[in-house]
Amino acid sequence: MAASRGGNVGTSSRSKESDAGGWFVTLALGVSLLKCLLIQTYHSTDFEVHRNWLAVTHSLPISRWYYESTSEWTLDYPPFFAWFEYLLSNVAQYFDPEMLKIENLNYATQATVYFQRFSVIVTDILFIYAAKQCCSCVSKKNDQGDLLEKPSFVLAVLLLWNFGLLIVDHIHFQYNGFLSGIMLLSIARLFQARYAESSFLFATLLNFKHIYLYIAPAYGIYLLRSYCFTGNNPDGSLRWRSFSALRFITLALIVSSVFAVSFGPFIYLGQIPQVLTRLFPFKRGLCHAYWAPNFWALYNAADKALSIIGVKLHLLDPGSIQASSMTGGLVQEFKHSVLPSITPLTTLLFTGISILPSVLCLWFKPRGPQGFLRCLILCALSSFMFGWHVHEKAILLAILPLSILSVISARDAGIYLLLATTGHYSLFPLLFTAQGTVSATL
């Protein structure tokens with residue numbers, strides 16, 4: 001009878017695991033089918049951006065990747081993403097080889113559309129896997145509650161069916177799901193105390209898209225404080241003698257090896273200055289064509305209002321007012337009419353100051369992975385509010401990690417509801433933008 005009870009327990013456990021896997025697969029399959037229905041929707045000029053990058057990486061030797069400028073949509077992502085485009089191009093040639101010709105600007109045949117759309121859907125498999133790992137981090141043992149109340153189920157819905165990602169990737173067109181998958185997987189590895197894997201994943205992510213540099217302080221401080229230092233004093237303060245040189249060297253080797261693989265060929269070719277110029281095109285201007293509703297948007301509005309008032313009160317010469325748009329088209333450098341003009345260094349200073357409190361809190365009171373996650377979210381929000389040339393989709397950098405906290409803490413759930421509502425609302429213009437509208441890629 002004991003053996004029978006043991007068998008029943010084992011069968012019941014396997015049944016629960018099967019049920020859990022069943023609803024997750026259903027959610028993942030359902031959203032994948034929805035993405036397929038969005039294939040024929042409008043796409044932005046980012047579609048042409050990535051088609052051009054396919055052509056550049058396929059048609060030219062690596063020594064010319066960051067110099068090619070036939071199209072205005074030059075390659076401006078880190079090397080790993082360039083190699084990612086190269087790998088995709090080797091598949092794209094079987095769909096329509098003409099899309100891989102650099103001179104075929106704005107090329108969008110049906111075969112090209114299908115290939116690029118499906119490339120986003122297929123690479124989202126990594127995002128699905130990362131979401132599953134995050135769900136396992138918040139699932140509770142012996143959870144007998146209703147499915148709709150289980151943290152893992154709620155988190156799976158919030159991540160897999162994220163409205164912002166659906167708009168940006170599967171209508172507007174980009175690869176944010178694939179990249180967000182790497183970020184979420186690195187976060188999951190920290191929750192699982194697999195620090196070396198997490199550092200490898202995040203270093204890899206930085207070499208796919210450098211916008212994630214904004215959340216690098218959270219990773220650096222947390223790994224140093226909670227992994228390289230192995231103990232605390234009884235009062236919770238850091239025990240300096242607990243520093244592990246071996247762990248620090250391990251992390252340093254992992255990160256430096258990833259960057260060496262990524263940038264090594266360009267160091268050998270002597271092209272690092274050119275690559276960095278492409279990665280950080282500061283002349284694009286303070287605000288993006290798809291401008292983020294942040295501090296600088298209010299700053300621009302205030303400058304515009306003051307200039308109008310100044311002209312009406314005859315305090316300003318109308319001829320001195322710059323007529324070019326701050327937010328439309330291919331945004332370039334813009335000088336404010338009344339308020340001081342903002343430089344990239346100014347935005348960096350504002351961002352650094354706004355990040356500092358959360359980073360210091362993480363150092364003095366780490367509070368485990370949840371403390372790290374809160375710091376990461378605050379770093380993302382700080383960069384969104386004060387960063388240079390911020391796209392409105394950058395809000396996803398905070399919303400996706402906050403999804404994890406929202407199923408752990410009721411207070412964080414309220415914050416998530418507010419941020420997700422306002423943040424996703426700011427993405428709505430991407431649904432109604434005409435196909436000819438210009439969007440930069442960072």
Side-chain angles (χ1 to χ4, degrees), residues 163-164 167-168 172 211 213-215 217 280-313 315-318 320-359 376-400 402 414-433 437-442:
F163 183 64
I167 293 176
V168 175
H172 183 78
I211 193 174
L213 278 170
Y214 284 124
I215 60 175
F280 300 97
F282 292 119
K283 290 187 177 181
R284 283 184 177 175
L286 176 62
C287 289
H288 197 287
Y290 296 116
W291 54 275
N294 61 7
F295 179 80
W296 303 122
L298 296 175
Y299 189 88
N300 286 343
D303 182 76
K304 192 72 173 178
L306 289 173
S307 66
I308 294 173
I309 294 172
V311 170
K312 288 187 177 295
L313 296 178
L315 299 175
L316 293 175
D317 177 13
S320 66
I321 306 299
Q322 187 168 337
S324 61
S325 171
M326 302 177 192
T327 59
L330 187 61
V331 179
Q332 300 294 336
E333 289 181 299
F334 178 86
K335 293 189 179 298
H336 293 88
S337 302
V338 179
L339 299 176
S341 293
I342 303 300
T343 65
L345 184 59
T346 303
T347 64
L348 180 62
L349 182 63
F350 272 65
T351 303
I353 292 173
S354 62
I355 284 175
L356 191 59
S358 59
V359 170
L376 183 151
I377 293 164
L378 290 171
C379 286
L381 288 174
S382 296
S383 65
F384 183 81
M385 290 302 297
F386 299 109
W388 178 266
H389 199 71
V390 178
H391 192 298
E392 55 196 1
K393 71 173 182 290
I395 193 63
L396 294 174
L397 201 59
I399 289 177
L400 291 173
L402 185 55
I415 297 172
Y416 173 85
L417 182 61
L418 176 63
L419 184 62
T421 302
T422 56
H424 286 156
Y425 178 78
S426 73
L427 295 173
F428 266 95
L430 299 181
L431 286 173
F432 308 109
T433 306
T437 300
V438 176
S439 79
T441 58
L442 179 60

Checklist entry - Roughly how far apart are Leu381 CG and Thr351 OG1, rounded to 0.5 Å? => result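 The CG atom of Leu381 sits 12.0 Å away from the OG1 atom of Thr351.
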Next on the checklist: What's the separation between atom CG in Leu378 and atom CG in Leu402, rounded to the nearest 0.5 Å?
Outcome noted: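 Answer rounded to 0.5 Å: 9.5 Å.
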Determine the minimum heavy-atom distance between [X] and [Y], stating which atoms define it.
X: Leu397; Y: Ile211; value: CD2-O, 4.3 Å
X: Met385; Y: Asn294; value: O-CB, 3.4 Å
X: Leu339; Y: Asp303; value: N-OD1, 2.9 Å
X: Cys379; Y: Val359; value: SG-CG2, 4.3 Å
X: Tyr214; Y: Gly387; value: OH-CA, 3.8 Å
X: Ser383; Y: Val390; value: O-CG2, 3.6 Å

Checklist entry - Can you say whether the rings of Tyr299 and Trp296 are parallel (under 30°), tilted (30 to 60°) or perpendicular (over 60°)? => result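 Ring orientation of Tyr299 relative to Trp296: perpendicular.
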Next on the checklist: Please verify the inter-ring angle class for Phe386 with Phe350; under 30° counts as parallel, over 60° as perpendicular, anything in between as tilted.
Outcome noted: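 Ring orientation of Phe386 relative to Phe350: tilted.
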Checklist entry - Distance only, no hydrogens: is a donor on one side chain within 3.5 Å (strictly under) of an acceptor on the other, for Thr346 and Thr343? => result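 The criterion, which ignores hydrogens and geometry beyond distance, is satisfied for Thr343 and Thr346.
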Checklist entry - Is there a side-chain contact between Ile399 and Ile377 (heavy atoms, below 4.5 Å)? => result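 When only atoms from C-beta onward are counted, Ile377 and Ile399 do not touch, as no gap falls below 4.5 Å.
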